[in-house]
Student: 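Attaching a single structure in structure tokens format; questions to follow.
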Amino acid sequence: MTKNHHKIIFSGPVGAGKTTAIHSISDTAPVKTDTRASDMAKNKKSHTTVAMDYGVLNLDDGEQIHLYGTPGQERFDFMWDILTEGAIGLVLLIDNSDENPISTLQFFLNAFKKFIAEKSVVIGITKMDSRNTPTLEDYRKKLKESSLTLPIFEVDAREKKDISLLLQTLLFTLDPNINEA
Ligand SMILES: Nc1nc2c(ncn2[C@@H]2O[C@H](COP(=O)(O)OP(=O)(O)OP(=O)(O)O)[C@@H](O)[C@H]2O)c(=O)[nH]1
Ligand SMILES: [Mg+2]
């Protein structure tokens with residue numbers, strides 16, 4: 001049987017949980033390129049991704065989903081385009097405890113505008129346990145103002161079931177013929 005290999009990207013700001021999410025869901029030991037975050041202006045956490053994360057998810061039908069995580073830092077944004085090449089969908093993770101997470105979401109939607117217009121995106125809001133505002137409703141309202149209706153969920157990147165829900169939604173919203181590609 002020929003296996004299909006699909007590629008999905010995780011992006012979003014520093015500390016949103018991209019590396020954690022790929023670690024939670026990957027069936028193989030994920031590859032990380034985290035280094036000490038001594039030079040980070042925000043210094044939100046001890047380690048940060050400098051190139052990419054990589055993991056693999058095996059589906060029941062033998063297909064594989066290759067998961068790539070981007071660095072969150074804007075100074076590595078050249079990696080965003082490189083990693084997005086050939087991908088079928090994007091998972092955007094947004095840290096709700098950031099200062100202005102709605103504008104962060106808008107920034108990332110804009111950065112991946114072309115990709116989103118051609119492919120598919122799902123949004124996961126993390127750390128709602130740390131800060132419960134803005135609410136999902138606030139996000140939806142903002143998206144509606146830009147005439148966007150995108151799937152958006154509250155997730156914890158440490159929870160496999162939450163990341164699985166994001167991926168299932170993304171695969172579901174993709175072209176139903178994708179399995180026959
Ligand atoms: N409280 C809480 N912590 C979370 C949640 N999701 C992720 N985390 C934690 O937040 C941190 C996220 O760190 P990373 O996964 O390295 O973040 P990243 O998006 O890869 O960041 P960069 O690589 O620096 O861009 C980890 O310590 C996670 O355990 C959540 O929903 N709630
Ligand atoms: Mg990371």
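Counting convention: from 1, in listed order, for ligands and their atoms alike.
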Student: Is L67 close to V56 at the side-chain level, that is, under 4.5 Å between some pair of heavy atoms?
Tutor: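 A side-chain contact under 4.5 Å is absent here.
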
Student: Answer yes when D34 and K32 have at least one side-chain N-carboxylate O distance shorter than 4.0 Å, and no when they do not.
Tutor: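 Looking at D34 and K32, the cut-off is not met.
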
Student: Counting both backbone and side chain atoms, is some N or O of Q73 under 3.5 Å from an N or O of ligand 1?
Tutor: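 No - when backbone and side-chain N and O of Q73 are compared with those of ligand 1, no distance drops under 3.5 Å.
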
Student: For a distance under 2.8 Å, give residue and atom name for each protein N, O or S atom next to the Mg ion (ligand 2).
Tutor: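 Metal shell, protein only: T19 OG1, T49 OG1.
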
Student: Going by the atom numbers of ligand 1, which of them fall below 4.0 Å from some non-hydrogen atom of T20?
Tutor: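 The atoms of ligand 1 under 4.0 Å from a heavy atom of T20 are 12 (C), 13 (O), 14 (P), 15 (O), 26 (C), 28 (C).
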
Student: Does an N or O anywhere in K18 fall below 3.5 Å from an N or O of ligand 1?
Tutor: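 Among all N and O atoms of K18, at least one is under 3.5 Å from an N or O of ligand 1.
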
Student: Name each donor-acceptor pair under 3.5 Å that joins a side chain in residues 108-124 to protein atoms two or more places apart or in another chain, with its distance.
Tutor:
from: S120; atom 1: OG; to: T173; atom 2: OG1; distance (Å): 2.9

Student: Should you measure from each heavy atom of P13, which atoms of ligand 1 turn up under 4.0 Å away?
Tutor: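 Under 4.0 Å from P13, ligand 1 has these atoms: 19 (O).
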
Student: Which of the atoms in ligand 1, numbered in the order shown and given with their element, are less than 4.0 Å from a heavy-atom of A157?
Tutor: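 Taking each heavy atom of A157 in turn, ligand 1 has 6 (N), 7 (C) under 4.0 Å.
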
Student: Is the shortest side-chain heavy-atom distance between L165 and I163 below 4.5 Å?
Tutor: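 A side-chain contact under 4.5 Å is absent here.
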
Student: Looking at N58, is its backbone amide N or carbonyl O close enough to the side chain of D27 to form a donor-acceptor pair, meaning the two atoms are under 3.5 Å apart?
Tutor: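 The answer is yes, because a donor-acceptor pair under 3.5 Å joins these two groups.
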
Student: In ligand 1, which numbered atoms sit nearer than 4.0 Å to a non-hydrogen atom of G72?
Tutor: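 Every atom of ligand 1 under 4.0 Å from some heavy atom of G72: 25 (O).
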
Student: Short list, please: which atoms of ligand 1 are under 4.0 Å from a heavy atom of V155?
Tutor: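 Once the distances to V155 are compared, the set is 31 (O).
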
Student: Do I22 and I88 share a hydrophobic cluster, counting only Ile, Leu, Val, Met, Phe, Trp and Tyr and linking them when any side-chain heavy atoms are less than 4.5 Å apart?
Tutor: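 Shared cluster, yes.
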
Student: So do the side chains of K144 and K141 get within less than 4.5 Å of each other, counting heavy atoms only?
Tutor: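 Counting from C-beta outward, K144 and K141 never come under 4.5 Å.
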
Student: Does any N or O of ligand 1 fall below 3.5 Å from an N or O anywhere on H47, backbone included?
Tutor: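 Looking only at distances, the answer is no, because the N/O contact criterion of under 3.5 Å is not met.
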
Student: When you measure from the side chain of T135 to the backbone N and O of D138, does any donor-acceptor pair fall under 3.5 Å?
Tutor: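 Yes, T135 side chain to D138 backbone: donor-acceptor pair under 3.5 Å.
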
Student: Answer yes or no: does an N/O atom from M128 fall short of 3.5 Å to an N/O atom of ligand 1?
Tutor: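 By distance alone, the answer is no.
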
Student: Does S130 approach ligand 1 within less than 4.0 angstrom via side chain, backbone, both or neither, non-hydrogen atoms only?
Tutor: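 It is the side chain that gets close, since no backbone atom is under 4.0 Å.
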
Student: Does some side-chain heavy atom of N96 sit less than 4.5 Å from a side-chain heavy atom of T126?
Tutor: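 With C-beta onward as the side chain, the pair stays apart.
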
Student: Between T126 and ligand 1, is there a nitrogen or oxygen pair with a distance under 3.5 Å?
Tutor: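 No; the residue has no nitrogen or oxygen that sits under 3.5 Å from a nitrogen or oxygen of the ligand.
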
Student: Does the N or O separation between P71 and ligand 1 drop below 3.5 Å for any pair?
Tutor: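 No; the residue has no nitrogen or oxygen that sits under 3.5 Å from a nitrogen or oxygen of the ligand.
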
Student: For T84 and D81, which I'm curious about, is there any donor-acceptor pair between the side chains at under 3.5 Å?
Tutor: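 Note: T84 and D81 side chains miss the donor-acceptor criterion.
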
Student: Would G12 count as a polar contact of ligand 1, with the cut-off being nitrogen or oxygen pairs under 3.5 Å?
Tutor: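 In fact, backbone or side chain, G12 has no N or O that close.
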
Student: Run the numbers on S11 and T70 for side chain to side chain donor-acceptor pair (under 3.5 Å), then give the verdict.
Tutor: CA-CA 5 Å; S11 195; T70 71; 2.9 Å; yes

Student: Could you check whether any side-chain heavy atom of F172 comes within less than 4.5 Å of a side-chain heavy atom of P151, counting everything from C-beta outward?
Tutor: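 No - every pair of side-chain heavy atoms lies 4.5 Å or more apart.
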
Student: Applying a 4.0 Å heavy-atom criterion (strictly less than), which segment of T49 is in contact with ligand 1: side chain, backbone, both, or neither?
Tutor: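 Contact part for T49 vs ligand 1: both backbone and side chain.
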
Student: Do ligand 1 and T48 have nitrogen or oxygen atoms that lie under 3.5 Å from each other?
Tutor: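 Looking only at distances, the answer is yes, because the N/O contact criterion of under 3.5 Å is met.
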
Student: Would you say the side chain of L93 lies within less than 4.5 Å of the side chain of L166, judging by non-hydrogen atoms?
Tutor: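 L166 reaches L93 side chain to side chain.
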
